[in-house]
Each structure stands twice: as C-alpha cells, then as structure tokens.
Amino acid sequence: MTQVRKVEVTEVGPRDGLQAEPRQVPTEQKIALINRLIDAGVPRIEATSFVSPKAVPQMADAAEVIKGINRSTGTVISALVPNARGAIRAAEAEVDEMVVFVSASESHNKKNVNRTVEESLKGFEEVAIIARDAGIRVHGAIATAFGCPFEGDVPASQLAMIAKRFQDMGFVGMGFGDTTGMATPPLVRAGVRAVREAAPGLSIALHFHNTRGIGLANVMVGLDEGVDKYESSFGGIGGCPFAPKATGNICTEDLVYLLHEMGIETGIDLKKLMAIACDVEGVVGHPIPGQVIKAGLRLDLHDMDAVRTAEG
Ligand code: MG
C-alpha cells in the first residue's frame, strides 16, 4: 500500500474540460465555478489557457477569468501557455504558475501545435525567461506520455529526455498527460521511474483520462510509486480536441472519494465538490461521466421503504 498520506489535486475542468465543450461557457459562469472550487478547498486549479483565441475560442476570455478569481486563499492558480506570447499575457494576468506542454511523440506535437518536439522545447526557453522575470513558476506537461494515437508506444527514454530539459530550464514540476487514455499500470510505473531518475529535481503530477475505464487504476499505481499530485476534471468532462476518440479526464469527485476512502488527505470538502459537479452538468448542457454524483457516497444510506423489493 502507498505511503502517500496527502495528495494535491489540480482541478483542470475550467481549462481542459470547458475547452473541449462545443458550447461557449459565459465568463461569469467560469469564474463562479472556479470560486466555488476555491471555497471547496481545491488546492490548485488550472483556470484557463492563454492560447490564440482563434485556435481555441472557448479560452478567449483567459485574462478576464483570472481577474475574477478570488485570490485571497492559498489556492494556486495556473494557466496553460503555448508560447512566449501566451506567457506575456499570463504574466500580465498575474497567474501563480504557467504550464507549458509538448507531446512526447513527433506526430502528435505536429498535429497539436504544428512544431517538432525540439522546436517546442526551444520555445519554452523564452517562456522560462518571461516567467522568471515575473517571478512565476513553470511546470512542463508531456502530452501523449503513455502512448500516441498515431505512433503507438512512447519510449520511457523520450519522457526522461523531455523531463531533463524541463529541469534544465528551471521548471519546478512536470506532468504526465495521458492525452488519449493509453496509460496502463506498467507504463505508469515505468514512466514515473524513468523521469525520477532523469530529473530528480522536478515534482511529478499525473493526468489520466478514463477513456478505457482504467483511470483510477492508474492513480493507484501512481500512489504506489509515491506520486502525490494528480490532475482531474469536475464531472469527468474534457478530452483533447486534437486527438481522435480522446474523451474523459478522470473525474475529480470520484478521485477525491477514492483518496478519502483510503485515508489520504486532500483538504477538499467532497460534498461541496459534488454539488459543483452537479451544476457543471447544467453548465455544459449534457450528461457527464462522473459516477459518485450519480450513486452518492457509500454511507449515504437509503430509506428502506423507498426501495422496491423483488415482489414490487
Ligand atoms: Mg486532459
């Protein structure tokens, strides 16, 4: 069993979740959801993305969203930045942390950001300088870390190489992005170990998708390996618009339910989180994958008379 006693959950729904929605969610609704997450004790939130509004119109209101967030608590507010231009906007908006991302595979990176892996890594050097000058921490995310929908398996040596470059640029942490839900327990174990060895100075976060139904099984392996940072989305919404059949980040309420049942602390009020997820369904306007909001907590008991028996 894991030695991990406390986990930092990053809620990526406002960015990774809402970005994938065809419907444009009004800025005030995004801000309200984020402020409720903060009130529920979520320690870290990926609030938005400073991408080109042309490429991702759902995130065009990035600066306004950050402006509306209650910053009086300790919740860390991070934002995705694809390049130096995004980093300048994120620095102006005064985010706490910037997240840059590169795919482990050449073909997915080309498809996603139209650059080679090396071109992306080179571009991050400029981001690192902008962030350092603004006193903002940088995390590096590796997309398709556990497999590429176009190339197949990703060698652990590729993950190690990219993580080492992140460390050399002064990043504080790295994340494995399971962009198309190709992670499996052995791949998680191998990837985490390879990165730890290559870049021991980086914190490690795991971002799984439940595309094939084993998202939380992969979390269990991460915990077993001592990883104490996980990323998930309220209601399990999200995916990657530039990857085929990629649906469903693991669901934050389901993750927190699992962690709490294991006696692992998150600092999150699960009931409040579940109430937020229920409202997310209304915001996106379609059913969402989260399971605990449907079934309730295991000790939410039922009135016997309210349940039909076999005899009817
Ligand atoms: Mg995701």
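Both counts, for ligands and for their atoms, begin at 1 and track the order of listing. Here the structure is a predicted model, which means the values were calculated and not measured.
- With the Mg ion (ligand 1) as the vertex, NE2 of H207 and OD2 of D16 span 90° to the nearest 10°.
- Between K294 and D254 no salt bridge is recorded (no basic side-chain N to carboxylate O distance below 4.0 Å).
- N249 lies close to the Mg ion (ligand 1), since one of its N, O or S atoms is found at a distance under 2.8 Å.
- Among the backbone and side-chain atoms of E231, no N/O/S atom is found under 2.8 Å from the Mg ion (ligand 1).
- By the 4.0 Å N-to-carboxylate-O rule, E106 lies too far from K111 to be salt-bridged with it.
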Using atom types as modelled, flag every donor-acceptor pair under 3.5 Å from a side chain in residues 125-143 to any protein atom, sequence neighbours excluded.
from	atom 1	to	atom 2	distance (Å)
R137	NE	E97	OE2	2.7
R137	NH2	E97	OE2	3.0
H139	NE2	E97	OE1	3.1

Compile the donor-acceptor pairs under 3.5 Å between side chains in residues 277-286 and protein atoms, sequence neighbours left out, one pair per line.
from	atom 1	to	atom 2	distance (Å)
D279	OD2	R36	NH1	2.8
D279	OD2	R36	NH2	3.0
E281	OE2	I288	N	3.0
H286	NE2	E21	OE1	2.8
H286	NE2	E21	OE2	3.1

